[in-house]
Amino acid sequence: MNFNELPDRRGTLSYKWDQREKLFGGEDVLPLWVADMDFKCSPAIVEAVVARASQGIYGYTIKSKEYVDAITGWFQDRHHWTMDPSWLTDSPGVVPSLSIAVRTLTSPGDQVIVMSPVYNPFYDVIVKNERIIADSPLILKDGRYEMDFVALEKHMRDGAKLLLLCSPHNPGGRVWTKEELLQLGDLCLKYDVQVVADEIHCDLVFDGNTHYPFASLSSSLAERTVTCLAPSKTFNIPGLQTSFVAISNPDLKRLFDGEVSALSIGSVNFFGPTATIAAYTQGEPWLEAVLTYVKDNHDYAIQYLGEHVPSLTPVPSEGTYLLWVDCRSLGLAPAALKRLMYRDAKIAFNEGSIYGKTGEGFLRINLACPRDVLAEALTRFTQAIERIGS
């Protein structure tokens with residue numbers, strides 16, 4: 001497992017690499033933006049997918065007991081969450097699952113709570129389904145995001161009946177503690193608020209932190225929770241479109257499954273179950289190695305920025321392979337920050353305003369790349385900052 005090697009993804013229809021001219025204005029822009037890794041998958045996954053491909057017929061595919069057991073076994077062993085197989089529904093991705101949940105658990109005009117800055121599709125699945133965003137901004141305190149329980153309670157008291165929870169948090173890198181999640185859960189129970197938990201980053205947690213599935217905290221919280229999951233972020237297989245939802249409440253699951261059926265999107269990708277089985281039964285050593293490498297990249301980036309541009313303030317991550325950096329000291333509007341990246345530095349991080357107004361002046365850096373690539377991107381970025389200051 002050589003994570004220092006950069007696979008050449010140019011010309012492979014890569015969403016990350018083959019749109020640099022279109023999105024950023026040049027083929028020489030280093031892309032550290034969209035959340036996929038520049039690491040080859042676990043050899044176990046590659047071998048399983050190659051063997052599957054060698055069959056030569058790529059027909060309609062069904063789930064197997066081995067597939068379901070791989071999922072439930074992984075979450076039992078890694079997260080101490082006992083899933084019943086009857087809770088699971090397949091979907092083409094976590095974002096479609098979020099949209100389906102919003103459609104089935106609310107009506108047009110209803111308020112849906114988000115905690116900004118947050119993964120930008122959260123806004124889309126609310127607005128494009130004609131619901132109203134109820135924003136409860138996170139509080140950045142001593143370099144760490146916290147939930148604003150006063151603001152959350154006000155939204156619930158004012159009638160919001162659904163909350164979209166990002167856990168672990170993207171882009172802020174928080175791995176919520178059990179105490180924080182229980183306090184949030186108490187409010188949801190008090191005001192009869194349902195929760196859609198996006199836990200796609202649940203396996204990407206650094207030592208010293210623990211991910212707690214929201215639905216695992218109590219039976220009463222499980223009854224009001226839709227948990228959206230996938231091996232795609234963990235094992236770098238988003239292109240296989242393999243994802244699933246866990247819903248223990250049979251009434252909620254019936255509603256969710258009804259929408260999946262109405263949209264005819266419940267079938268599984270030909271390679272999805274095969275890759276998922278390999279990932280969850282043989283991929284853990286690869287994952288542990290990735291976490292070590294990414295954490296080293298994380299520490300390197302924070303140290304580098306501290307030495308070269310001390311006016312910027314990275315927000316240390318507790319999980320994910322993303323680093324959120326406060327660049328407000330530069331005094332640049334979103335458009336100017338993009339110009340600094342794309343035109344002057346020839347790098348592409350994510351500009352923070354896409355995660356909500358509270359993200360303006362921030363950048364999100366994808367750390368899941370070889371160290372040399374990260375070092376080059378940070379060098380280009382800091383040198384461009386120095387030029388505008390000279």
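Along the sequence shown, residues carry numbers from 1.
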A side-chain contact here means heavy atoms from C-beta on lying under 4.5 Å apart; do Lys233 and Leu204 qualify?
yes

Give the C-alpha distance, both sets of side-chain angles, the deciding distance and a yes or no for salt bridge (charged side-chain N to carboxylate O under 4.0 Å, His left out) between Glu27 and Arg10.
CA-CA 10 Å; Glu27 291 293 333; Arg10 295 169 299 175; over 6 Å; no

If you count heavy atoms of other groups shown closer than 6.0 angstrom to CD of Glu66, is the number above 12?
no

Side chain to side chain, Leu98 and Val196, heavy atoms closer than 4.5 Å:
yes

List in chain and number order the residues that pass side chain to side chain contact (heavy atoms under 4.5 Å, CB included) with Glu360, two or more places apart in sequence or in another chain; answer none if no residue qualifies.
Pro334, Ser353, Lys357

Is a salt bridge present between Asp257 and Arg254, judged by a nitrogen-to-oxygen distance below 4.0 Å?
no

Would a distance-only check, ignoring hydrogens and angles, find a side-chain to backbone donor-acceptor pair under 3.5 Å from Glu284 to Ala279?
no

Partners passing side chain to side chain contact (heavy atoms under 4.5 Å, CB included) against Asp38 (at least two apart in sequence or in another chain):
Leu6, Arg9, Lys16, Trp17, Cys369, Pro370

Is the shortest side-chain heavy-atom distance between Cys188 and Met156 below 4.5 Å?
yes

Euclidean distance, Ile133 CD1 relative to His155 NE2, rounded to 0.5 Å:
11.0 Å

Can you check salt bridge (charged side-chain N to carboxylate O under 4.0 Å, His left out) on Lys190 and Glu153, steps first, answer last?
CA-CA 9 Å; Lys190 179 179 179 180; Glu153 184 167 15; 3.2 Å; yes

Lys/Arg cation over aromatic Tyr355: Arg364, 6.0 Å, 45° cone
no

Roughly how far apart are Phe235 CZ and Asp203 CG, rounded to 0.5 Å?
6.0 Å

Is there a side-chain contact between Leu378 and Tyr300 in this structure, where contact means two heavy atoms from C-beta onward sitting under 4.5 Å apart?
yes

Can you tell which of Phe244, Tyr280, Trp81 makes a ring pair (Phe, Tyr, Trp, His ring centres under 6.0 Å) with Trp74?
Tyr280

To the nearest 0.5 Å, what is the distance between CG (Asn170) and OH (Tyr321)?
9.0 Å

Would you give the length of the straight line joining atom CG of Leu363 to atom CG of Leu322, rounded to the nearest 0.5 angstrom?
12.5 Å

OH/Tyr123 to CG/Leu164 distance, rounded to the nearest 0.5 angstrom?
10.5 Å

Evaluate salt bridge (charged side-chain N to carboxylate O under 4.0 Å, His left out) for Glu288 paired with Lys295, printing each intermediate quantity in order.
CA-CA 11 Å; Glu288 294 299 339; Lys295 182 59 166 64; over 6 Å; no

Is the shortest heavy-atom distance from the side chain of Phe39 to the side chain of Pro7 under 4.5 Å?
no

Do Ile247 and Thr227 make a side-chain contact, defined as non-hydrogen atoms from C-beta onward lying under 4.5 Å apart?
no

Is the backbone of Gly59 close enough, under 3.5 Å, to the side chain of Thr61 for a donor and an acceptor to pair up by distance?
yes

For residues Leu305 and Thr382, determine if any side-chain heavy atom of one lies less than 4.5 Å from a side-chain heavy atom of the other.
yes

Tyr67 meets the ring-ring contact (aromatic ring centres under 6.0 Å, His included) criterion, sequence neighbours left out, with none

Take Asp84 and Ser248 through the side-chain hydrogen bond (donor to acceptor under 3.5 Å, both in side chains) test and state the conclusion after the steps.
CA-CA 8 Å; Asp84 189 292; Ser248 62; over 6 Å; no

Separation between CG of Leu291 and CG of Asp207, rounded to the nearest 0.5 Å
8.0 Å

Counting heavy atoms not belonging to Lys63, are there more than 12 under 6.0 Å from its NZ?
yes

Does the side chain of Pro43 reach to within under 4.5 Å of the side chain of Trp286, using non-hydrogen atoms?
yes

Quiz question: by atom type and distance under 3.5 Å, do the side chains of Asn249 and Arg224 form a donor-acceptor pair?
no

